[in-house]
Amino acid sequence: DAGVIQSPRHEVTEMGQEVTLRCKPISGHDYLFWYRQTMMRGLELLIYFNNNVPIDDSGMPEDRFSAKMPNASFSTLKIQPSEPRDSAVYFCASTTGRGVGRSYEQYFGPGTRLTVT
Amino acid sequence: TQLLEQSPQFLSIQEGENLTVYCNSSSVFSSLQWYRQEPGEGPVLLVTVVTGGEVKKLKRLTFQFGDARKDSSLHITAAQPGDTGLYLCAGDQSGGYQKVTFGTGTKLQVIP
């Protein structure tokens with residue numbers, strides 16, 4: 001079974017440009033998460049969805065960030081306009097949400113390394 | 001304030017040595033996961049512990065959940081270069097949400 005798929009793997013863009021990151025979760029998983037990882041702040045949860053509905057977006061840094069999940073097999077994280085401080089690795093993860101304890105086990109994609117110059 | 005503190009932050013050891021990594025909190029967790037992340041990849045789940053005092057083994061890795069479910073440890077016996085990576089613990093405080101809090105991470109380097 002395919003794992004979580006993210007694209008692109010690397011993105012280099014100039015400040016002010018729009019950036020769109022894409023994620024395909026594992027089939028059958030009801031929850032999807034977007035994280036950002038930096039050396040300074042570690043792994044931070046940005047937003048998560050349950051059955052395509054955003055549940056908690058309190059981690060989204062500011063209005064420049066938006067996320068959508070139009071169907072169970074696709075989600076996007078958009079940054080517009082991008083800034084150099086957005087440079088980080090962005091991960092998508094999914095989980096089934098079922099089973100005591102195991103419902104919190106997350107399966108991560110390979111990440112998108114974003115560099116904003 | 002970081003909910004889950006891991007120690008040490010960095011660890012560099014020789015192949016064959018033993019080591020222990022700690023994950024501590026003042027909060028009680030319903031379950032706790034350990035992940036390993038290799039450079040350029042996403043974190044990969046190693047284990048989940050749910051019961052206070054629980055011990056789980058994964059080959060040379062031994063995971064323990066504290067009796068009060070506030071802390072956890074990961075012990076590696078006879079470390080191998082393949083164990084190199086960033087080790088992350090993650091805990092959930094339940095409440096019906098699938099949101100977990102990730103620890104600060106321990107970066108392990110095993111030198112051949």
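Each chain gets a letter, A, B and so on, in the order its sequence line appears, and its residues count up from 1.
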Practice problem: With sequence neighbours left out, write down each residue that passes salt bridge (Lys or Arg N to Asp or Glu O under 4.0 Å) with B/E17, or none if nothing qualifies. | Solution: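 Applying salt bridge (Lys or Arg N to Asp or Glu O under 4.0 Å) to B/E17 gives none.
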Quiz item: Can you name the nearest heavy-atom pair linking B/V100 to A/Q106, along with the distance?
Solution: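 Smallest interatomic distance, heavy atoms only, reads CG2-NE2, 3.5 Å.
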Quiz item: Under 6.0 Å from the CD atom of A/E62, do we count more than 12 heavy atoms belonging to anything else shown?
Solution: yes
Practice problem: Answer yes or no: are there more than 12 heavy-atom neighbours, outside A/N71 itself, under 6.0 Å from its atom CG? | Solution: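 Count over threshold, so yes.
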Self-check item: Contacts of residues 35-44 of chain B with chain A (heavy atom under 4.5 Å)
Solution: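 Listed by number: B/Y35, B/Q37, B/G40, B/E41, B/G42, B/P43.
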Quiz item: Among residues 64-90 of chain B, which ones touch chain A with a heavy-atom distance under 4.5 Å?
Solution: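 Only B/L86, B/L88 of residues 64-90 of chain B have a heavy atom under 4.5 Å from chain A.
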Is there a path of hydrophobic side-chain contacts, each under 4.5 Å between heavy atoms of I/L/V/M/F/W/Y residues, joining [Y] to [X]?
X: B/W34; Y: B/F29; value: yes
X: A/I26; Y: A/M69; value: no
X: A/I47; Y: A/F33; value: no
X: A/F108; Y: A/L77; value: no
X: B/V28; Y: B/F63; value: no

Self-check item: Non-neighbouring partners of B/Y22 that pass ring pair (Phe, Tyr, Trp, His ring centres under 6.0 Å), sequence neighbours left out
Solution: none
Quiz prompt | A/R9 portion near chain B, given a 4.5 angstrom heavy-atom threshold | solution =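 Contact with chain B is through the side chain of A/R9 alone.
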Practice problem: Measure the CG-OG1 distance between A/L43 and B/T104 for me, rounded to the nearest 0.5 Å. | Solution: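 The CG atom of A/L43 sits 11.5 Å away from the OG1 atom of B/T104.
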Exercise. Flag the one option from A/Q6, A/R113, A/Q37 with the top tally of heavy-atom pairs under 4.5 Å to chain B.
Key: A/Q37
